[in-house]
Amino acid sequence: SVPHSLPKKYEDALVLLLTEVLNRIQFRYNQAQLEELDDETLDDDQQTEWQRYLRQSLEVVAKVMELLPTHAFSTLFPVLQDNLEVYLGLQQFVVTSGTGHRLNITAENDCRRLHCSLRDLSSLLQAVGRLAEYFIGDVFAARFNDALTVVERLVKVTLYGSQIKLYNIETAVPSVLKPDLIDVHAQSLAALQAYAHWLAQFYSEVHRQNPEQFISLVSTALEAITPLISSKVQEKLLLSACHLLVSLATTVRPVFLISIPAVQKVFNRITDTSAQRLPDKAQVLVCRALSNVLLLPWPNLPESEQQWAVRSTNHASLISALTREYRQLKSNAILPQRKVQLEDTKVIIHQTLSVLEDIVESISGESTKSRQICYQSLQESVQVSLALFPAFIHQSDVTDEMLSFFLTLFQGLRVQMGVPFTEQIIQTFLNMFTREQLAESILHEGSTGCRVVEKFLKILQVVVQEPGQVFKPFLPSVISLCMEQVYPIIAERSSPDVKAELFELLFRVLHHNWRYFFKSSVLASVQRGVAEEQMENEAQFSAIMQAFGQSFLQPDIHLFKQNLFYLETLNTKQKLYHKKIFRTTMLFQFVNVLLQVLVHKSHDLLQEEIGIATYNMASVDFDGFYSAFLPEFLASCDGVDSNQKNVLGRNFKMDRDLPSFTQNVHRLVNDLRYYRLCNDSLPPGTVKL
């Protein structure tokens with residue numbers, strides 16, 4: 001939103017504030033204070049004291065930009081420009097030495113001034129990046145020239161840094177100046193990345209008229225990125241380059257990316273098996289970028305001009321090159337492996353699956369066409385993964401990664417995988433996770449084994465939610481896995497994470513497959529005026545409900561809250577508490593458990609939720625609650641005498657509205673506690689209990 005013009009005195013005050021804040025983040029004006037800020041120790045938000053100070057200052061800059069865009073920009077840009085001049089002027093001090101390039105600035109005072117200037121440039125680049133959002137959307141045209149000036153500068157600076165390789169230069173004070181030079185280079189790439197949405201808007205406005213200026217910006221940016229994608233470049237800088245590449249491929253998506261020599265160079269570098277592999281994080285990002293270049297639809301172009309056929313072929317060969325070693329594992333997976341061999345195999349599995357999982361995740365929300373091509377390219381690797389799975393069932397670190405991969409596939413590409421293959425995957429998992437295997441995994445709590453079981457349960461959650469009849473045949477085996485295999489192992493243990501996933505799966509089984517248990521016939525409801533459903537699979541339903549009931553007797557408050565919410569949801573959506581089986585055999589057991597929990601004060605934070613759930617259950621059969629349940633509940637209470645029980649019963653008024661009922665429940669609970677406390681403090685034998 002473009003703000004209305006502010007009164008002059010406010011404008012002056014804001015410009016003054018901005019100038020002051022900019023001065024306070026610069027060593028040039030505020031060195032003494034800034035030197036005292038710690039830039040080593042990370043706080044809870046993974047920031048150092050210096051980073052936090054800078055971030056808070058930049059939020060003020062952004063706020064002024066929001067209120068006074070023109071003033072803010074004309075105040076900030078000249079300051080950035082001054083520091084850029086120093087940086088761009090370093091080229092004249094670079095001399096060739098025997099071992100490479102050296103920065104010929106040696107006087108201590110000059111080194112100190114350069115250090116301050118580079119630190120300031122790094123902060124100002126972050127400030128310019130922070131303002132990117134104020135140049136897009138409705139104001140794109142009005143502020144186009146300012147943004148173009150910034151982006152042109154940033155492209156120039158990143159290319160300059162990559163060409164004269166300031167990150168590899170020898171300096172007089174390497175421990176100080178080298179990190180400074182690397183940081184400036186990394187921040188210039190990050191600032192340019194912040195303008196990706198601006199570039200995307202620029203692309204959509206000009207792609208038909210004269211895109212030369214746009215093409216030149218993107219091509220130059222790529223020339224700055226490519227030399228940095230190397231295992232010899234410091235990781236901080238390498239990752240900044242990779243993130244910028246991902247943004248160009250994902251947010252901007254120009255049609256010509258694939259044909260730029262710089263991008264082809266990266267393709268060759270990544271698919272060349274003899275080249276040294278990048279560190280894991282960088283490898284994953286570059287592969288995501290290259291995959292997206294081929295998979296994501298080009299903006300501003302109709303379907304007929306998307307060139308899917310050729311892109312599909314290219315994507316298949318990219319994935320084929322990235323998975324070559326992985327696919328070769330299939331032939332020897334069955335053989336017993338020596339320890340050294342096993343470690344090598346694990347590395348290949350880890351490296352390949354982390355890349356593939358990321359590629360699937362990044363297109364999971366995209367068009368059907370992108371997902372189809374992705375799955376075609378991955379198909380063989382997915383089949384290899386399934387074939388390898390049984391061979392590694394006792395290596396929980398490997399099964400953990402494999403299940404992560406399959407979970408991502410189920411979330412993003414289940415339609416593309418098709419029913420028969422999906423069935424094969426689920427059947428394989430169900431066969432592999434025997435009771436013994438589950439026990440082996442779960443009994444080491446907090447271990448990778450637990451994570452494996454959690455991911456398996458998450459995959460089943462996706463399966464049981466699928467609409468239509470496709471996966472319904474799996475329900476019996478999913479329920480029996482839960483109730484006969486997993487549940488007995490964890491029922492008596494704390495296993496909080498596995499329990500949370502198991503109960504979520506049971507909730508989804510009920511919520512999305514209600515008719516598996518309750519077949520309602522329209523005819524019956526017309527005849528009787530109320531639907532008395534036929535109940536099916538009653539034993540399984542009762543076992544699930546019993547597990548929910550048991551979970552309320554355990555100290556884990558998170559699980560209690562989650563499961564209470566699940567029961568209440570099933571009641572809201574599917575009238576759980578009104579079903580005959582629940583009403584006649586379970587209702588008052590649940591009410592009893594909830595009241596006991598309130599009396600024991602074990603889950604006091606959830607008092608309100610428990611009170612409401614008790615009301616929702618009791619209101620299904622108020623007559624039964626007042627005439628049978630309440631007297632029985634009081635009769636079974638220990639620690640109070642019969643006279644006190646009568647008073648408790650009399651004080652519980654027969655209200656049927658929620659506020660009065662919950663008030664009565666909390667009064668009953670408090671009075672009962674009070675009587676017990678009094679009776680306990682009297683000499684033994686005083687009260688006849």
Side-chain angles (χ1 to χ4, degrees), residues 193 196-197 239 242-253 257 266-267 270-271 277-297 311-312 314-316 318-323 326-327 348-386 388-389 397-418 421-422 425-426 429 448 451-452 454-463 465-466 501 504:
Q193 188 198 347
H197 288 284
L239 289 176
C242 295
H243 280 296
L244 176 55
L245 182 62
V246 168
S247 287
L248 290 174
T250 313
T251 308
V252 191
R253 306 186 192 182
L257 263 192
V266 179
F267 266 100
I270 283 290
T271 51
R277 194 187 145 93
L278 298 170
D280 279 356
K281 254 186 190 157
Q283 181 82 8
V284 165
L285 288 168
V286 173
C287 294
R288 182 198 307 172
L290 298 180
S291 170
N292 283 354
V293 165
L294 297 167
L295 286 183
L296 298 181
R311 294 167 77 182
S312 175
N314 287 336
H315 194 265
L318 169 68
I319 299 295
S320 169
L322 294 174
T323 57
Y326 182 67
R327 288 176 294 111
I348 295 173
I349 293 175
H350 164 71
Q351 291 181 338
T352 310
L353 290 184
S354 55
V355 165
L356 296 184
E357 187 182 332
D358 182 85
I359 284 175
V360 174
E361 207 168 305
S362 71
I363 58 111
S364 59
E366 291 297 332
S367 68
T368 311
K369 192 70 192 165
S370 304
R371 297 209 303 267
Q372 263 169 351
I373 296 175
C374 184
Y375 183 64
Q376 277 164 359
S377 306
L378 284 175
Q379 202 163 2
E380 192 188 339
S381 300
V382 176
Q383 285 162 346
V384 168
S385 306
L386 192 59
L388 291 177
F389 188 78
D397 49 348
V398 178
T399 43
D400 184 32
E401 295 196 281
M402 288 195 165
L403 282 173
S404 270
F405 176 50
F406 277 107
L407 178 57
T408 308
L409 282 171
F410 270 88
Q411 287 164 337
L413 298 177
R414 61 180 175 283
V415 178
Q416 285 68 31
M417 289 198 299
F421 185 53
T422 308
I425 296 174
I426 298 168
F429 289 166
T448 342
R451 287 210 303 276
V452 167
E454 285 159 43
K455 281 172 189 163
F456 177 42
L457 295 171
K458 275 188 155 83
I459 288 175
L460 294 176
Q461 288 165 19
V462 176
V463 172
Q465 287 181 70
E466 196 60 23
E501 296 302 342
E504 176 164 350

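No hydrogens, no waters, no symmetry mates; every other heavy atom, side chains included, goes into these values. Only a predicted model underlies this, so the values are computations on that prediction, with no experimental measurement involved.
Only one option out of T399, I425, V384, V398 pairs with F389 in a side chain to side chain contact (heavy atoms under 4.5 Å, CB included); it is T399. When each of L257, L318, I373 is checked for a side chain to side chain contact (heavy atoms under 4.5 Å, CB included) with L294, only L318 meets the rule.
Atom NZ of K455 is separated from atom CG of L407 by 8.0 Å, given to the nearest 0.5 angstrom. The OG atom of S377 lies 11.5 Å from the CD atom of Q372; values are rounded to the nearest 0.5 Å. Atom OG of S354 sits about 10.0 Å away from atom CD1 of I359, to the nearest 0.5 Å. Note that the OG1 atom of T422 and the CE atom of M417 stand 4.0 Å from one another [nearest 0.5 Å]. Atom OG1 of T352 and atom CD1 of I319 lie 10.5 Å apart (nearest 0.5 Å).
In this structure, L413 and I363 have side chains that are in contact, with non-hydrogen atoms separated by less than 4.5 Å. Looking only at side-chain heavy atoms (C-beta outward), L409 and F405 come within less than 4.5 Å of each other. Side-chain contact check for I426 versus F410: some heavy-atom pair is nearer than 4.5 Å. For the pair K458/V462, no side-chain contact is recorded, criterion being any heavy-atom separation below 4.5 Å from C-beta on. Considering only heavy atoms from C-beta on, L353 comes within 4.5 Å of Y326 through its side chain.
T251 contributes no side-chain N or O that, together with a main-chain N or O of L248, makes up a donor-acceptor pair within less than 3.5 Å. Between the side chain of R327 and the backbone N or O of S381, no donor-acceptor pair lies under 3.5 Å. Between the Q461 side chain and the E501 main chain, a donor and an acceptor come within less than 3.5 Å of each other.
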Contacts table for residues 278-293: side-chain donor-acceptor under 3.5 angstrom, sequence neighbours left out:
unit_1	atom_1	unit_2	atom_2	d
D280	OD1	R277	NH2	3.3
D280	OD2	H350	NE2	2.9
Q283	OE1	L278	N	3.4
R288	NE	D358	OD1	3.4
R288	NE	D358	OD2	2.8
R288	NH2	D358	OD1	2.9
S291	OG	H315	NE2	3.0
N292	OD1	S362	OG	3.4
N292	ND2	T250	OG1	3.1

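Nearest heavy-atom pair, S404 versus E357, reported as atom, atom and distance to 0.1 Å: CB-OE1, 3.4 Å. When all heavy atoms of E361 and S364 are compared, the pair lying nearest together is O-OG, 3.0 Å.
Under the rule for a side-chain hydrogen bond (donor to acceptor under 3.5 Å, both in side chains), the partners of S367 that lie at least two apart in sequence or sit in another chain are S370.
Every pair passing salt bridge (Lys or Arg N to Asp or Glu O under 4.0 Å) that includes a residue from residues 364-376 is listed here, sequence neighbours excluded: R253-E366.
The aromatic rings of Y375 and F421 sit tilted, their planes meeting at an angle between 30° and 60°.
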